[in-house]
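Since the structure comes first, as structure tokens, the remarks are kept for the end.
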Amino acid sequence: MSVLVYTENWNGSFKKLSFELASYAARLAEMLNTNPIAVSIGQVGRDELEKLSKYGIKKTITIEHDGLTQFDTQTYTRVIADLANSQSAKAIVLSNNNTGKSLAPRLSVRLKAAVASGVGQLPEQLSPFVVKKRAFSGNAQAGLELKTEMKIITLAQNSFELVEKPVDMVIEKAEADLSGIIPKATVKDVEIQTGKLLLSDAEIVVSGGRGMKSPDNWAPIEELAGLLNGATACSRPVSDEGWRPHEEHTGQTGKIIAPNLYVAIGISGATQHLAGISASKYIVAINNDKDAPIFEAAQYGIVGDASRVLPRLVEALKKAKSA
Amino acid sequence: MNILVCISQVPDTTTKVKFTDNNTRLDTTGIQWVINPWDELSLTRALELKDDASSGVAKVSVALVGPVSTEPTIRKALAIGADDAYRVDTEALDAYQVAAQLAEVVKAGSFDIILCGIESSDYNGSNVGGMLAEFLNYPSVSGISHLEVQDGQVQVNREIDGGREMLVLPTPFVGIVQKGIAREPRIAAMRGIMMARKKTIQLVDAARVEPLTRTLAYEPPQPRPACKFIDPDNPEQLIALLQNEAKVI
Ligand SMILES: Cc1cc2nc3c(=O)[nH]c(=O)nc-3n(C[C@H](O)[C@H](O)[C@H](O)COP(=O)(O)OP(=O)(O)OC[C@H]3O[C@@H](n4cnc5c(N)ncnc54)[C@H](O)[C@@H]3O)c2cc1C
Ligand SMILES: Nc1ncnc2c1ncn2[C@@H]1O[C@H](COP(=O)(O)O)[C@@H](O)[C@H]1O
């Protein structure tokens, strides 16, 4: 018996979310009275793998295979499903990112295992097995019963605290049986921006809306984000207008994020915008309209003109940092 | 080449959701039902491709799993321009049960591209598309932000961490779409609404499939404490609060 957790890597490295997954799987395994096992696909060095043991992972299974260098949903599904069977998994934990979202439903059908996606907490109870998940675009949590023997959970990023619990870990190599699988999609081209903090990974996000008036006014937003080691984001009309790149658009039809701090500047706080950011731990709003709905979602607010408030905030932050 | 767009109906995105029966059910009184925003955009893209003679797309169909009360939503899709529609006559219980029904529709028809949205804005499952692909043993690509069809050749862009990937795909496949697939949803014109009345909605008998999950209760989010307002001339106070009270910077 085991709880299997798929710890994806990025060019051989893990991210904070990998350790959130490990922490979650270790706690879930404890609840289920079984062992947490991490699955790593592709080349990851021993030192990197060892980091998982800090979060309670007792065994890591690594699979390296030429047929797995390119992510292909069908192939990866088969590999993880085979492992879930051979390791008698009671649960499979994945991230709720693009990778996890594409694998979880396929695994569900292949293994006839119920899925809960966008989970932020450990199960509320075990029999029946009930977990809370995001519903109605963040306007509610649903208590979902997973009725099958095997369960699949996708964990929302930055929603589960890292739990340090160092243990001894064994690393095992496993072979993948890819017979009969031919990846169907061929990659023609890849564009990747390196060195930029991804919006989904950022713990602090500074975001601008139509109240910023013009794309030429974004310098203080970028400066503020830089000072806070955060990422920049925007509302939908801002990306629709081409003021900012599409990857920055947060909300129901854009990215759904849950940073520790979200600073909304010149954003009215439409429900569709809040749908993408309401899980943020703290929201700060800067808006010249004291009745803007964003203030209902925010813990801290400044009523004022962004063009006046922002430069002062940047100055004050610089001072605070140098103090 | 034929495209099937799977559509779900969801409460209008500005709805203030409320629950009833001890928070076990959505209170549907006064709710305006709309096509799930992603599905509206998928349909728009499918119709754009059909309009372009060089794509080779001949027909665009829609499928919905739901009771008779969902027909106005299906009519809307027909008015926007879908050629025909399938309705699997059963309550949608969970993603697994819905995907199993849709798989039967696909098997009985002849579709080259099947489009699903990345998530429905109500239950936020993010699951139907991938499940459908596995039921059919078709390839699937998640996070499609662009779909191009030229003489039956399919190319898609997929969002990946920090960038995008361009893929060439064989048909049939299931595409799970997100932002970018189309800019603005196409809306029904008068002529479309008239024509939709003459189009058929094919009724499909439900396959017997048990759902794998059950929603026991809903919980509205915890109300946030009232906003603390800070004097715009004193941003130092905000910084102090973020450092000492919230402890996030
Ligand atoms: C199906 C659907 C999906 C959608 N999905 C999304 C989504 O994912 N994300 C999203 O963001 N939107 C989405 N929208 C759009 C959403 O409804 C709002 O229109 C949008 O969020 C508004 O953006 P905004 O707050 O930047 O602009 P506005 O609503 O125009 O607000 C601008 C704000 O700036 C303030 N302001 C003006 N001047 C200043 C100044 N000098 N200083 C400070 N403040 C100032 C104003 O008081 C106002 O509150 C969606 C809509 C639909 C119908
Ligand atoms: N009842 C349904 N009928 C048809 N398609 C559906 C239904 N429910 C969900 N879908 C499709 O699956 C996508 C994702 O839904 P979900 O997995 O519920 O988040 C939607 O955008 C639709 O394309």
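Sequence lines set the chain letters: A, B, ... in the order given, protein chains first and strands last, and positions in each chain run from 1.
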Hey, which residues of residues 166-177 of chain B are touching chain A, say heavy atoms under 4.5 Å apart?
B/M166, B/L167, B/V168, B/L169, B/P170
Could you go through A/Y300 and B/F229, starting from their C-alpha distance and side-chain angles, then the distance that decides it, and tell me whether this counts as ring pair (Phe, Tyr, Trp, His ring centres under 6.0 Å)?
CA-CA 6 Å; A/Y300 304 120; B/F229 285 98; over 10 Å; no
What residue in A/A297, A/S200, A/G118 has the most heavy-atom pairs under 4.5 Å with chain B?
A/A297
Residue part contacting chain A, namely of B/A217, when any heavy atom lies under 4.5 Å:
backbone
For B/D233, is it the side chain, the backbone, both, or neither that has a heavy atom closer than 4.5 Å to a heavy atom of chain A?
both
Greatest number of non-hydrogen atom pairs under 4.5 angstrom with chain A, of B/P221, B/G143, B/G163, falls to B/P221
Which one of A/I204, A/V303, A/T148, A/V187 has the most heavy-atom pairs closer than 4.5 Å to chain B?
A/V187
Looking only at A/N98, A/T73, A/T253, most heavy-atom pairs under 4.5 Å shared with chain B are made by A/T253
Considering residues at least two apart in sequence or located in another chain, which fulfil the side chain to side chain contact (heavy atoms under 4.5 Å, CB included) criterion with B/E236?
A/A316, B/N234
Pick whichever of A/P259, A/A114, A/G254 has the most heavy-atom pairs under 4.5 Å with chain B.
A/A114
When heavy-atom pairs shorter than 4.5 Å are enumerated against chain B, which of A/A104, A/A185, A/G304 gives the highest number?
A/A185
For A/E247, all residues meeting salt bridge (Lys or Arg N to Asp or Glu O under 4.0 Å), sequence neighbours excluded:
B/R164
Compare all side-chain heavy atoms of A/I283 with those of B/R224 and state whether any distance is below 4.5 angstrom.
yes
A/R134/B/E119 under salt bridge (Lys or Arg N to Asp or Glu O under 4.0 Å): CA gap, chis, key distance, verdict:
CA-CA 12 Å; A/R134 202 177 97 90; B/E119 70 169 22; 3.2 Å; yes
Measure distances from B/A226 to the heavy atoms of chain A and classify the residue's part below 4.5 Å as side chain, backbone, both or neither.
backbone
If you measure from CD1 on B/I239 to CG on A/L317, what distance do you get to the nearest 0.5 Å?
4.5 Å
Set out, in order, the CA-CA distance, both residues' side-chain angles and the distance that settles side chain to side chain contact (heavy atoms under 4.5 Å, CB included) for A/K188 and B/Q155, then state yes or no.
CA-CA 9 Å; A/K188 251 186 84 179; B/Q155 193 177 312; 3.2 Å; yes
With distance as the sole test, does B/T13 use its side chain to make a donor-acceptor pair with the main-chain N or O of A/Q272 at under 3.5 Å?
no
For B/S142 and A/K101: C-alpha separation, side-chain torsions, deciding distance, then whether side chain to side chain contact (heavy atoms under 4.5 Å, CB included) applies.
CA-CA 8 Å; B/S142 283; A/K101 271 190 203 160; 5.5 Å; no
Residue-level contacts of residues 19-33 of chain B with chain A, using a heavy-atom cutoff under 4.5 Å
B/F19, B/L26
Side chain to side chain, A/Q252 and B/S121, heavy atoms closer than 4.5 Å:
yes
Taking the side chain as every heavy atom from C-beta outward, state whether B/E165 and A/F71 have any pair of such atoms under 4.5 Å apart.
no
Side chain, backbone, both or neither of A/L228 within contact of chain B (heavy atoms, under 4.5 Å):
side chain
Would you say the side-chain atoms of B/R183 pair up with the backbone N or O of A/D240, donor to acceptor, closer than 3.5 Å?
yes
Going by atom types alone, do B/K228 and A/Q299 pair a side-chain donor with an acceptor below 3.5 Å?
no
A/Q74 and B/Y138 side chains, donor-acceptor separation under 3.5 Å:
no
Select, from A/V115, A/I256, A/N260, A/L146, the one with the greatest count of heavy-atom pairs under 4.5 Å involving chain B.
A/V115
Under 4.5 Å between any side-chain heavy atoms of B/L238 and A/V284, yes or no?
yes
